[in-house]
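Okay, so here's the structure we're looking at.
The basis for the numbers below is simple: all heavy atoms, side chains too, and nothing from hydrogens, waters or symmetry mates.
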Amino acid sequence: MFAWICPKCGREVPPSESECPDCAAGEAPETAVVPPAAPEATQPTRTPPPRRRGAPTWLLATVFAIGFLALGATAYYGYYHFTGAGRTAVNAPRWEAPAPPAPRTSPVAPFIEVTGIRLTEDARQKVQVQFVVVNHSAADIAKLEAKVVLRTREAKSGSPPVGTFWFRLPSLGPYESRELRTTLETHLRAYEIPDWQYLTADVEITSP
């Protein structure tokens with residue numbers, strides 16, 4: 001009879017043996033197949049969010065200061081508005097400066113007239129005024145002094161005068177007239193002043 005070959009170890013086994021004596025005596029331990037370890041799952045690296053920058057310190061201080069000022073102003077206004085503390089000052093009558101006293105009117109003023117005004121210019125380019133002073137009363141007027149303001153007939157109230165001059169007479173007899181000459185205080189030249197028929201003379205008696 002023919003021997004058979006063990007499929008495990010490859011030995012020829014007599015046909016009388018049903019098992020391979022070598023393999024039956026001690027089988028070689030099978031090598032356990034260890035499955036490969038699963039790779040550890042790697043967690044994705046988290047990037048921290050960008051840090052928010054706060055408002056500057058000076059800006060916060062300014063905002064708080066404005067807020068406190070607004071709160072204080074509101075409280076102040078509310079106190080005076082609802083309590084009436086400020087009404088006394090608002091409703092108090094205004095103080096007005098007293099009106100200047102009216103100029104003294106001389107008793108001879110209604111009888112003195114200044115007329116016959118003529119304007120010339122001297123060598124120093126000063127405007128000279130010639131005029132006639134008339135006493136329309138029957139009284140002898142002693143120490144007559146007056147201020148005369150020349151204005152145009154169309155001058156509006158408050159407009160500057162053409163010029164001003166003064167005169168003095170030791171005496172002026174009843175119904176007497178006297179021709180005088182003096183310097184006219186003016187910022188104009190003689191040729192810039194209107195003719196005599198367009199001028200008026202306002203006389204203010206200062207003495208007597």
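- Listed by first then second residue, pairs satisfying ring pair (Phe, Tyr, Trp, His ring centres under 6.0 Å) with a partner in residues 168-196 number zero, not counting sequence neighbours.
- Checking side-chain atoms of S207 against main-chain N and O of K143 turns up a donor-acceptor pair under 3.5 Å.
- In this structure, the side chain of T164 does not engage the main chain of V149 through any donor-acceptor pair within 3.5 Å.
- A distance-only check finds a donor-acceptor pair linking the side chain of T206 to the backbone of E145 [under 3.5 Å].
- For D202, the salt bridge (charged side-chain N to carboxylate O under 4.0 Å, His left out) test picks out R151, with sequence neighbours left out.
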Exercise for the section: Please assess I112 against N135 for the test side-chain contact (heavy atoms from CB on, under 4.5 Å), listing each intermediate value before the final yes or no. Expected result: CA-CA 5 Å; I112 301 299; N135 180 9; 4.3 Å; yes
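- Considering CH2 of W166 and OG1 of T183, their distance stands at 11.0 Å, rounded to 0.5 Å.
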Problem - Test side-chain contact (heavy atoms from CB on, under 4.5 Å) applied to L150 and T186, step by step - result: CA-CA 10 Å; L150 293 182; T186 179; over 6 Å; no
Practice task
For side-chain contact (heavy atoms from CB on, under 4.5 Å), just list the numbers for E113 and V203, CA-CA rounded to whole Å, side-chain angles, deciding distance to a tenth of an Å, and then say yes or no.
Solution key: CA-CA 8 Å; E113 179 187 9; V203 183; over 6 Å; no
Practice task
Start with the C-alpha gap between Q128 and T182, add the side-chain angles, then the distance that decides, and say whether side chain to side chain donor-acceptor pair (under 3.5 Å) holds.
Solution key: CA-CA 6 Å; Q128 301 295 310; T182 187; over 6 Å; no
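- The two residues C9 and C23 make their nearest non-hydrogen contact at SG-SG, 3.6 Å.
- Listed by first then second residue, pairs satisfying salt bridge (Lys or Arg N to Asp or Glu O under 4.0 Å) with a partner in residues 177-189 read R118-E179, E121-R189, E176-R178, not counting sequence neighbours.
- S171 is linked by a side chain to side chain donor-acceptor pair (under 3.5 Å) to nothing, counting only residues two or more places apart in sequence or in another chain.
- Sorted by first and then second residue, the pairs that involve residues 105-163 and meet ring pair (Phe, Tyr, Trp, His ring centres under 6.0 Å), not counting sequence neighbours, are F131-F165, F131-F167.
- Residue L180 forms a side-chain contact (heavy atoms from CB on, under 4.5 Å) with just one option from V114, L169, V129, and that option is L169.
- In this structure, R124 places its CZ atom where only 12 or fewer heavy-atom neighbours from other residues, nucleotides or ligands lie under 6.0 Å away.
- Applying the salt bridge (Lys or Arg N to Asp or Glu O under 4.0 Å) test to every pair with at least one member in residues 56-74, sequence neighbours left out, gives no pairs at all.
- Tracing side-chain contacts under 4.5 Å through hydrophobic residues (I, L, V, M, F, W, Y), one never reaches V134 starting from I205; they form parts of separate clusters.
- Of all heavy-atom pairs spanning I117 and A201, the tightest one is CD1-CB, 3.8 Å.
- Residues L184 and G163 share a closest heavy-atom pair of CD1-C, 3.7 Å.
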Problem - V127 and L188: CA distance, side-chain angles, deciding distance, side-chain contact (heavy atoms from CB on, under 4.5 Å) verdict - result: CA-CA 8 Å; V127 179; L188 302 174; over 6 Å; no
